[in-house]
Colleague: 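Okay, handing you the structure first.
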Amino acid sequence: PQILKEDAIGKDDDETKLVNLPESVYPVRRAENAFILLGRVGEFRTYYEQNRFGEMAIGQSGESRSALSSLTGDDVSLGTDKLFFVKSLPHLLSSVVGFAAVEAALEIGTFNEDDVENNSSRNVDPKATGGGNNSGGGGAGGAESTTAHPSTPKDLLSPSNTSSSKYEQTLIKELGQLFQSRSLGASVAELARGSFLMLSFRSALKLVFANSPTRRIDKELLAMDTNIIMCGLKVAQDEQLKATSKFCQEDRYESVRKVGRMISPKQRGVLKEKQPPPGAENEEPGTPSEEVLNFPFGLNESVQAPVLGNAIDDLDPTTSMRKTSSTGGFGGFGGQHDQSYTFSSSVPQVVRSIHARTIAFAAFAHCQEGLGQSSSQQKGHGIVGYVLDCVEECISCSAVAMKDGYSDIDELTVQQAVQITANITALQASLPRLFGTIMRGLCHIGMVREETSTDAFAYADKTLSGADKSCDTEVGSTLSLVYEICRNKLDVLIDFSLENFQWVAKSSSDIPNAYAESLIEYMRSTFAYLAPMDEGSRAGLHFSCCGHVAERLVRLLADVSSKGVMDSGRQMGGQSVHGSSGLSPLSKIDAFGLNNLSVDVVEFENFANATGVSQLGECFNELSTICTAMLDRDLPALLQIENVSARRKKYPFLSLEKVGNILEKYVGTGGMAMGAMGPMGDRLKSDRKNHNLKILMLKKNEIPLLIKLCRMQQQSA
C-alpha cells in the first residue's frame, strides 16, 4: 500500500501528530490541577464526563441516540450505504481510535515510579488507582500535579476510568451494529474494504490503548452477525448476475476473431522444426499452462473447428474466399489470421468478473474470520468453503444470465442463439483452470491450512462438479432454444410455400420444386452459423432440422386429411389430427405429384450427405421409402395378402396405414393403368430425368381395392 512507502504523502505529518498526542491533552491536565487546588475536582470530573461521554439524538424523529454521532458531530443514520463505506466508516473508525488514544494519553502521567513504589509498600494495586504503564510518556503536567499534591489520592487525578471504559465499549459496539445494518446494501468490494478496516481498527486499538479493559472484549463487541458471510454471498451472486446481463446486452454475438501474423510455408516449416515435442513445455506434472492476455483460463484454446464450405466453395475450392490455414491461406500464406474463437466478446469479461469478484469475496471472508467469524457450517474445510460456494454460485448465475441475455425470443436469430450456446460452453471449458487458479491463491494467502487441505480440495472438486452441471443444464436449454427457433422458421417456410401447392401435377419434372430449394437454402445458411458449437451439438442440430423437415413432409403426405377425417367419422373432440401446425395434410395427389416429391427427396438426401455429417441423409429414409413404394409398379401385387413376406423384404419399414391414407387421396387415371396388378417381375427402371417414366399409375376403380387390402392387413396386424 502507498501509505507504507517512505515517501508517502502526509506520512511525516501523521507521525508528528502521534508523537505530540500527549501534549495535546495537557490543557485538560492543567484544568484538572486547577480544580484540585480549589478542592472541586468532583465538579470537574462530572463536567468532563458529561461533555466527553455523551450521546446525541439522531434520525428524523430524534428517538434514537448515538454515541458515535456525539463523538464526531455527524448523524450516522444519514447518507447512503455506499457513502457510508467510502467516507463515513473510515472517519468513524479513526475517531474512535483517536478517542482511545486521548484516553490513553490522559492516563499517562497520573503516577510516576515513586508513586508505584509507595503504592506497592501500602499494598495498593496501581491498576486500581487508574494507573498505567509509564513507558516514558509522562509529561510535565502530570509530574507537576503529582509533585505539587503528593497527598492527593491518585484515583482523583483523572476522570473515571470506569466511565471511559464503558463509553469506549459503547462506541465499539455501535460500530459493529452499524456495520451489520449497512452491509445489507453494500457491494462485495465495499464489504471487503469495510471488513479490512474493521480488522485494522482492532489492531490500532491494541496499539494506542493496549491496557484498556475493553481490549479483552473487542472481538465480542465487534462480533459480526453469523449470517453476514451468507449475506455477502448473496450480494456477490446478485452483482455477478447484473454484471453478466450488462455484458450480454452490449455483446453483438459475433465470434471473436483470432488475430495472427501471416507466415509463408517456408517460415511455417522452420517454426515447426523449432517447436518442442508434445508435453515438453510442461515437463513438471501439475504445472499450469501460461495464461494468454485477454483470454485467461484457457479461453485461447476454444477455437472453431473447420466446417464444410458452402456450395460455391465445394464446386471450385480455388475460388473460395474463406481460406483456412490448412489450405495455405491467401496467396499461399497461412496462419491464424482467418480463424475465430468459439465465443463472443462477453465471455472473457464474464470470466474475469467471476475471478475478480471471488478475490473480493475471499478478502471479505478472510477478514471476517479475523474478526471472530466462525466457520462451523463449513466443517472440515473452514472458511474456504464459503469462497468456493461463491465461485459456484457466480458461475451458475452467469450461465443463467448468458442464456437469458435476449429480450424477446421472436427477435432472436439462429446465429445469436448458437453463439449463446457456444458462449456457455466456452465458460464451462474454462472452469478447471479458474478453480485451479483460485485454489492456488487461497493457499498462498493462508486460507487453506495444512490440516484442512485434503477436505478443502475435495470440496473444490465438488463445487467444480456442481458448476459444470449448472453449465450443462443451461447448454441443454439453449440447444433446445436453437432447435425451437429453427423449427419455427422451418414451419413458417413450409406453411408459406405449400399453402396453395398443387400436388396433382399431371406432369413430371426432373428438377426439385421451389419449396424444396428454399428449405435447403435455409438449412444451408443455418448450418453455416453452427461453427462456434462443438461437434456433437452441431451434428445434433443437423439431425434435428433435417428430421423435422422429413417429419413434416411425411405428415403432410400420409396423415389423414380434414376431409377424410370428417368422411370417416374419426374426428375426435373437434381437434385436428395433423398436430399444431396450421397447414392441413394434402387432400389430393396423383402419380406425377408423387414422382415430383421423390425428386425433392433425392435433393434433400444429396444436401444432407454433402454437409459432411455422417448418416444425416437417413433422416429422409421414411419419406424416400413411401415415395418409392407408391411409385413401384409392383405395389399392387405386394399389397396382396399372400405377398406379405416379399413386401416386408423389399420395404421392411413401410407402414400400411400411411399407404392406405395416401391411396385415399390418390387421384387415379381414367385410362389404362401401367403395372396395375402386374406381375412381380416387372420392375421399375428408375430414370427420373426422363419424362417417359415407368411409374405406377392406378386407375380410379383399382384404388378402393388396394385401400381395402391395406385396412384388412392393418387390422389383422
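The first residue in the sequence is number 1, and the count goes up from there.
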Colleague: If you compare all heavy atoms of Cys394 against all heavy atoms of Ala236, which two are closest, and at what distance to 0.1 Å?
Modeller: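 Reported closest heavy-atom pair: SG-O, 4.0 Å.
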Colleague: One thing to verify: whether Glu535 and Arg538 come together as a salt bridge, which I'm taking to mean a side-chain N less than 4.0 angstrom from a carboxylate O.
Modeller: no
Colleague: Say you draw a straight line from CD1 of Ile438 to CE of Met447; how long is it, rounded to the nearest 0.5 Å?
Modeller: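 Taking CD1 in Ile438 and CE in Met447, the distance rounds to 11.5 Å.
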Colleague: State, without any angle test, whether Asp600 and Tyr515 hold a side-chain donor-acceptor pair at a distance under 3.5 Å.
Modeller: yes
Colleague: Just say parallel, tilted or perpendicular for the rings of His355 and Phe297, cut-offs at 30° and 60°.
Modeller: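 Perpendicular, since the angle between the ring planes exceeds 60°.
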Colleague: Before giving the answer on salt bridge (Lys or Arg N to Asp or Glu O under 4.0 Å), spell out for Arg193 and Glu190 the whole-Å C-alpha distance, their side-chain angles and the decisive distance to 0.1 Å.
Modeller: CA-CA 5 Å; Arg193 182 174 182 269; Glu190 291 167 351; over 6 Å; no
Colleague: Gln428 and Asp468: which non-hydrogen atoms are nearest, and at how many Å?
Modeller: NE2-OD1, 2.9 Å
Colleague: Please name the pair of heavy atoms, one in Ile424 and one in Met402, separated by the smallest distance, quoted to 0.1 Å.
Modeller: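 So the minimum-distance heavy-atom pair works out to N-CE, 3.8 Å.
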Colleague: If you take all heavy atoms of Phe543 and Ser614, which pair is closest and at what distance?
Modeller: CZ-O, 3.2 Å
Colleague: Can you tell if the side chain of Ser345 reaches within under 4.5 Å of the side chain of Arg252, non-hydrogen atoms only?
Modeller: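 Ser345 vs Arg252: side chains apart.
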Colleague: Establish, from distance only, whether the side-chain atoms of Gln240 and Thr244 form a donor-acceptor pair under 3.5 Å.
Modeller: yes
Colleague: In Å, rounded to the nearest 0.5 Å, how long is the span from SG of Cys397 to CD of Glu474?
Modeller: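 Reported to 0.5 Å precision, the distance equals 10.5 Å.
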Colleague: What's the verdict on side-chain contact (heavy atoms from CB on, under 4.5 Å) for Tyr529 and Thr413, showing C-alpha distance, side-chain angles and the deciding distance?
Modeller: CA-CA 10 Å; Tyr529 295 137; Thr413 63; over 6 Å; no
Colleague: Does any non-hydrogen side-chain atom of Val384 lie less than 4.5 Å from one of Leu388?
Modeller: yes
Colleague: Hey, mind stepping through Tyr386 and Leu233 against side-chain contact (heavy atoms from CB on, under 4.5 Å) and telling me if it holds?
Modeller: CA-CA 8 Å; Tyr386 291 110; Leu233 185 63; 5.5 Å; no
Colleague: Donor-acceptor pair, distance only, cut-off 3.5 Å: does the side chain of Ser183 make one with the backbone of Gln180?
Modeller: yes
Colleague: With rounding to the nearest 0.5 angstrom, report the CG to OG distance, Leu178 to Ser88.
Modeller: 8.5 Å
Colleague: Quick one: does any side-chain atom of Asn423 pair with a main-chain N or O of Ser344 as donor and acceptor, under 3.5 Å?
Modeller: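 Judged by distance alone, yes, a pair lies under 3.5 Å.
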Colleague: Considering only heavy atoms from C-beta outward, does the side chain of Tyr522 approach that of Cys545 to under 4.5 Å?
Modeller: no
Colleague: Output the distance between atom CG (Leu541) and atom CE (Met533), rounded to the nearest 0.5 Å.
Modeller: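 Leu541 CG to Met533 CE: 4.5 Å, rounded to 0.5 Å.
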Colleague: Can a salt bridge be assigned to the pair Lys246 and Glu239 using a cut-off of 4.0 Å between side-chain N and carboxylate O?
Modeller: no
Colleague: Arg433 and Ser430: side-chain donor and acceptor closer than 3.5 Å?
Modeller: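 Side chains of Arg433 and Ser430: no pair found under 3.5 Å.
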Colleague: Closest heavy-atom contact between Ala426 and Thr342?
Modeller: CB-OG1, 4.2 Å
Colleague: Looking at side-chain heavy atoms only, is the closest gap between Phe179 and Phe85 below 4.5 Å?
Modeller: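 The answer is yes, as the side chains (C-beta and beyond) meet within the 4.5 Å cut-off.
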Colleague: With no hydrogens and no angle check, do the side chains of Tyr459 and Asp389 hold a donor and an acceptor under 3.5 Å apart?
Modeller: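 A pair is found: one side chain offers a donor N or O, the other an acceptor, under 3.5 Å apart.
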Colleague: Examine the side chains of Thr478 and Thr421 and answer whether a donor and an acceptor come within less than 3.5 Å of each other.
Modeller: yes
Colleague: Taking atom types as modelled, find out whether Glu517 and Asn513 have a side-chain donor-acceptor pair closer than 3.5 angstrom.
Modeller: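 No, Asn513 and Glu517 have no side-chain donor paired with an acceptor closer than 3.5 Å.
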Colleague: When Cys546 is tested against each of Glu551, Glu605, Met523 for side-chain contact (heavy atoms from CB on, under 4.5 Å), which residue passes?
Modeller: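 Running side-chain contact (heavy atoms from CB on, under 4.5 Å) over Glu551, Glu605, Met523 with Cys546 returns exactly one hit, Met523.
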Colleague: Return yes if a side-chain donor-acceptor contact under 3.5 Å exists between Asp534 and Ser537, otherwise no.
Modeller: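 Judged by distance alone, the side chains do pair up.
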Colleague: If the threshold is 4.0 Å, N to carboxylate O, is there a salt bridge linking Arg552 and Asp495?
Modeller: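 So Arg552 pairs with Asp495 through a salt bridge.
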Colleague: Decide yes or no for Arg449 and Thr452: does some side-chain heavy atom of the first lie under 4.5 Å from some side-chain heavy atom of the second?
Modeller: yes
Colleague: Taking atom CG of Leu197 and atom CG of Leu93, what is their separation to the nearest 0.5 Å?
Modeller: 6.0 Å
Colleague: Exactly one of Val475, Val351, Leu299 should register a side-chain contact (heavy atoms from CB on, under 4.5 Å) with Leu427. Which one does?
Modeller: Val351
Colleague: Check whether any side-chain heavy atom of Leu431 lies under 4.5 Å from a side-chain heavy atom of Leu464, and answer yes or no.
Modeller: yes
Colleague: Nearest 0.5 Å, what's the OG1-CD distance between Thr358 and Glu393?
Modeller: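 Thr358 atom OG1 to Glu393 atom CD measures 11.5 Å (nearest 0.5 Å).
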Colleague: Within a radius of less than 6.0 Å around CZ of Phe196, do more than 12 heavy atoms belonging to other residues, nucleotides or ligands occur?
Modeller: no
Colleague: Should Ile485 and Leu412 count as side-chain neighbours, where that means a heavy-atom distance under 4.5 Å?
Modeller: yes
Colleague: Ser340 versus Val256: any side-chain heavy-atom pair under 4.5 Å?
Modeller: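 Ser340 does not reach Val256 side chain to side chain.
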Colleague: If only atom types and distance count, is the side chain of Asn488 paired as donor or acceptor with the main-chain N or O of Glu484 below 3.5 Å?
Modeller: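 Present.
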Colleague: Evaluate Gln419 against Ser255 for side-chain contact (heavy atoms from CB on, under 4.5 Å), listing each step before the verdict.
Modeller: CA-CA 7 Å; Gln419 191 60 64; Ser255 299; 2.9 Å; yes
Colleague: State plainly whether the residues Lys242 and Asp238 are in salt-bridge range, i.e. N to O under 4.0 Å.
Modeller: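 No.
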Colleague: If you take all heavy atoms of Arg352 and Asn294, which pair is closest and at what distance?
Modeller: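 Scanning both residues completely, I find the closest heavy atoms to be NH1-O, 3.3 Å.
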Colleague: Determine whether Asp461 and Phe435 satisfy the following criterion, side-chain contact (heavy atoms from CB on, under 4.5 Å), listing intermediate values before the conclusion.
Modeller: CA-CA 9 Å; Asp461 291 336; Phe435 270 83; over 6 Å; no
